[in-house]
Amino acid sequence: MRLSQYFLPTLRQEPAEAEVVSHKLMLRAGMIRKLASGIYTYLPFGLRALRKVERIVREEMNRIGAQEVLLPLVQPAELWQETERWEKYGKELLRFKDRKEHDFCLGPTHEEVITDLVRKEVRSYRDLPLILYQIATKFRDEIRPRFGIMRAREFIMKDAYSFDADEKGLNRTYERVYEAYNRIFSRCGLRFRAVLADTGAIGGNESHEFMVLAETGEDTLAICEACGYAANVELAEVKTAYRYEEEPERPLEKVSTPAVRTVEEVAEFLGVSPARLVKTLLYVADGEVVAVLIRGDYELNEVKLKNLLGVDSLEMADAETVERVSGAPVGFAGPVGLKVRRLLADFSVRGLKNFVTGANEADAHYVNVNYGRDFPEPEFYDLREVVEGDPCPRCGRPLTLTRGIEVGHIFKLGTKYSAAMRATFLDREGKERPFVMGCYGIGVGRTVAAAIEQNHDQNGIIFPEEIAPFKAIVLTLGPESQLMETSENIYRRLSAEGVDTLWDDRDERPGVKFKDADLIGIPYQVIVGKKFLETGKVELKERATGQREELAPEEVVSRMRDQK
RNA sequence: CGGGGCGUAGCGCAGCCUGGCAGCGCACCUGCCUUGGGAGCAGGGGGUCGGCGGUUCAAAUCCGCCCGCCCCGACCA
């Protein structure tokens with residue numbers, strides 16, 4: 001491709017709208033442009049990177065015997081009603097009516113559609129296992145899209161679905177996909193880690209997320225260096241053994257705490273450590289208010305709470321509900337005299353004596369509170385978020401926390417969808433059974449963004465070779481015909497050898513060409529300039545290391561061909 | 001959804017408080033010149049100042065409503 005004719009609008013200045021590096025660089029390198037919040041256009045250069053990732057995904061999915069399909073983006077409500085997700089999926093599901101007033105939605109995921117297809121077409125255990133996948137546009141009406149293509153509303157995803165005759169089969173299939181994912185992300189040049197994960201809105205039994213390690217990641221991972229345990233903090237178990245000193249229960253006392261609400265404020269006001277405080281969190285779970293107690297220096301893990309309660313919706317109580325239940329404005333709720341049906345507490349509260357809570361009264365807290373005496377003993381569970389240094393649930397050594405970008409997620413679904421949708425086959429004995437399913441996603445666009453997040457410097461992107469839009473760029477540093485001819489010759493021969501090559505034949509000064517080449521991150525730069533006029537040598541510069549080598553033009557061609 | 005911020009040329013911004021010719025840098029076009037890290041000179045084109053309404057002799061500027069975008073939060077108790 002000749003750069004003079006290529007649609008590559010690079011930006012010298014940083015776009016004001018971008019926050020994270022990958023977003024800034026994708027805009028500056030002319031890969032993407034925003035159309036609306038969370039909705040992006042891929043320009044030719046960005047699309048090339050996307051296609052490279054797609055190619056790797058296809059190769060590795062095909063390798064494990066998966067077959068590609070293309071499912072509709074627009075889906076009828078009826079299917080979603082069968083699995084009750086029409087009600088349960090929430091506002092992320094973008095719904096609308098067609099001209100005949102029939103309900104439809106834009107597919108955020110495709111379990112219903114694929115299960116419908118397979119129940120209609122597959123009858124026998126002999127056709128199993130079956131793995132189908134697609135690479136397609138998805139739409140999720142995210143609360144807050146951000147970071148460019150990293151968390152967009154419309155995005156490209158590879159989703160695969162497996163159908164097995166039994167659990168054992170599913171386990172084998174899951175394992176195969178797991179290995180395929182390892183190969184995919186390795187080939188994309190990413191530093192990543194598979195971690196245990198929550199199943200969220202998709203549902204199912206077991207799940208792993210593939211996390212690209214990056215500070216800007218939206219997820220936090222708990223990792224044990226000692227035994228290799230790795231989990232999303234959303235479900236990382238807390239096995240801390242709390243030891244509290246024996247102390248006599250002191251008399252309950254109400255203290256005035258005017259306008260003092262937060263844990264930090266209360267602790268400072270009363271001159272005690274936050275670990276002496278017990279927060280009372282009020283939640284509305286499927287319409288019913290529950291209260292959760294947790295030590296002041298810890299944070300509640302909503303995913304754990306939601307899974308424990310087994311509810312579909314879980315939200316913090318709004319100010320009105322808090323007032324109604326506790327009789328006090330937000331900030332002063334406490335367990336003493338609280339009118340809720342269920343009172344839960346994190347293990348960190350068990351054994352704690354003489355602690356501080358809100359008094360269910362404006363501007364007041366209780367001190368020397370003790371459960372069993374001042375209020376009924378709550379149900380104790382593991383409900384808090386792990387913190388750095390908590391013991392590994394497997395081996396007990398301290399955990400470390402790190403950030404990650406979720407680029408892949410695999411689930412063992414079991415029969416959740418097949419049972420709900422009566423998708424069955426006949427087994428060897430002629431008995432009707434529901435398919436045992438798995439589902440497996442990869443954020444394709446997000447993988448590109450994550451690769452950039454992990455591979456860049458001050459000058460721009462440094463594409464890993466396998467996903468680079470082009471492998472080489474020829475820079476012609478001057479208008480002399482000898483330079484142009486040599487450049488064109490190299491460009492043609494590289495292209496003929498199947499090396500994706502861009503030729504910067506623009507009438508621009510050298511500085512501009514160097515800056516653009518570094519910005520767009522093509523792995524190899526072939527520099528044809530003054531040096532060639534003097535010595536007959538061109539330079540081969542590696543973008544990642546900055547290493548330069550002087551070579552004759554034909555040597556460049558053979559070098560690039562050999563390491564293809 | 002709550003809080004904050006922003007919307008002026010393709011991009012980055014000033015002007016708004018204190019109403020009075022719509023500006024700067026980059027990009028773009030023409031010419032000269034230059035060619036190893038985003039050159040220089042000269043000339044030029046490009047704007048419903050996010051939209052609607054109001055106040056005023058006069059509105060980018062003041063007031064109201066609406067729209068869009070970004071950031072933070074939605075674990076504050």
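By convention in this document, chain letters (A, B, ...) are assigned in the order of the sequence lines, proteins followed by strands, and residues within each chain are numbered from 1. What you see is a predicted model; the values in this text were computed from it and never measured.
- Defined by atom type and a distance below 3.5 Å, a donor-acceptor pair is missing between the side-chain atoms of A/T257 and A/D363.
- Side-chain atoms of A/Q13 stay outside donor-acceptor range of the base of B/rG10, with no qualifying N/O pair under 3.5 Å.
- The side chain of A/R146 approaches B/rC72 more closely than any other nucleotide in the set B/rC72, B/rG36, B/rG25.
- Not a single donor-acceptor pair, N or O on each side, falls under 3.5 Å between the base of B/rG12 and the side chain of A/E14.
- Across all strands shown, B/rU18 forms no Watson-Crick or G-U wobble pair with both key distances under 3.5 Å.
- A close approach under 4.0 Å does occur between a side-chain nitrogen or oxygen of A/R509 and OP1 or OP2 of B/rA39.
- Nearest to the side-chain atoms of A/K541 among the listed nucleotides B/rC70, B/rG73, B/rG37 stands B/rG37.
- Taking 4.5 Å as the limit, every side-chain heavy atom of A/D346 sits out of range of all side-chain heavy atoms of A/Y381.
- The nucleotide B/rC6 finds its pairing partner in B/rG68, both defining distances of the Watson-Crick or G-U wobble pair being shorter than 3.5 Å.
- Residue side chain A/R28 does not reach the base of B/rG12 through any donor-acceptor N/O pair under 3.5 Å, judged by distance alone.
- The nucleotide B/rC13 finds its pairing partner in B/rG23, both defining distances of the Watson-Crick or G-U wobble pair being shorter than 3.5 Å.
- A/R12 has its CZ atom 14 Å from the P atom of B/rG37, to the nearest Å.
- Going from the C1' atom of B/rC24 to that of B/rC49 covers 15 Å, rounded to whole Å.
- If you take atom C1' in B/rC11 and the same atom in B/rG54, they sit 34 Å apart, rounded to whole Å.
- In this entry B/rC62 has B/rG54 as its Watson-Crick or G-U wobble partner, both defining distances falling under 3.5 Å.
- B/rA22 and B/rG5 are spaced 29 Å apart, taking the P atom of each and rounding to whole Å.
- Between A/E361 and A/F332, every side-chain heavy-atom pair lies at or beyond the 4.5 Å cut-off.
- Annotation: of the two residues near RNA chain B, A/N459 and A/A16, the 5′-most nearest-nucleotide partner is A/A16.
- Considering only the side chain of A/P510, B/rG36 comes nearest among B/rC28, B/rG37, B/rG36.
- Using atom P as the reference point in both B/rA14 and B/rG50, the two lie 13 Å apart (nearest Å).
- Nucleotides B/rG23 and B/rG46 have their P atoms positioned 13 Å apart, rounded to a whole Å.
- In this structure, B/rG73 forms a base pair with B/rC1, meeting either the Watson-Crick or the G-U wobble geometry with both donor-acceptor distances under 3.5 Å.
- Protein atom NZ of A/K34 is 13 Å distant from nucleotide atom P of B/rG68, rounded to whole Å.
- Here B/rG37 is the nucleotide among B/rG36, B/rG38, B/rG37 with the atom lying nearest to any side-chain atom of A/D518.
- At a threshold of 4.5 Å between non-hydrogen side-chain atoms, the residues A/E488 and A/R493 do not count as touching.
- Comparing the P positions of B/rG20 and B/rA59 gives a spacing of 11 Å, expressed to the nearest Å.
- When distances are taken from the side chain of A/I143 to each of B/rC69, B/rC13, B/rA74, the shortest belongs to B/rA74.
- Between A/F347 and A/F380, the ring planes lie parallel to each other; the angle is under 30°, not in the 30° to 60° tilted range.
- Taking the P atom of each, B/rC16 and B/rC6 are spaced 14 Å apart, rounded to whole Å.
- The closest side-chain donor-acceptor pair between A/T476 and A/D505, if any, does not fall under 3.5 angstrom.
- Nucleotides B/rA9 and B/rA60, compared at atom P, are 14 Å apart to the nearest Å.
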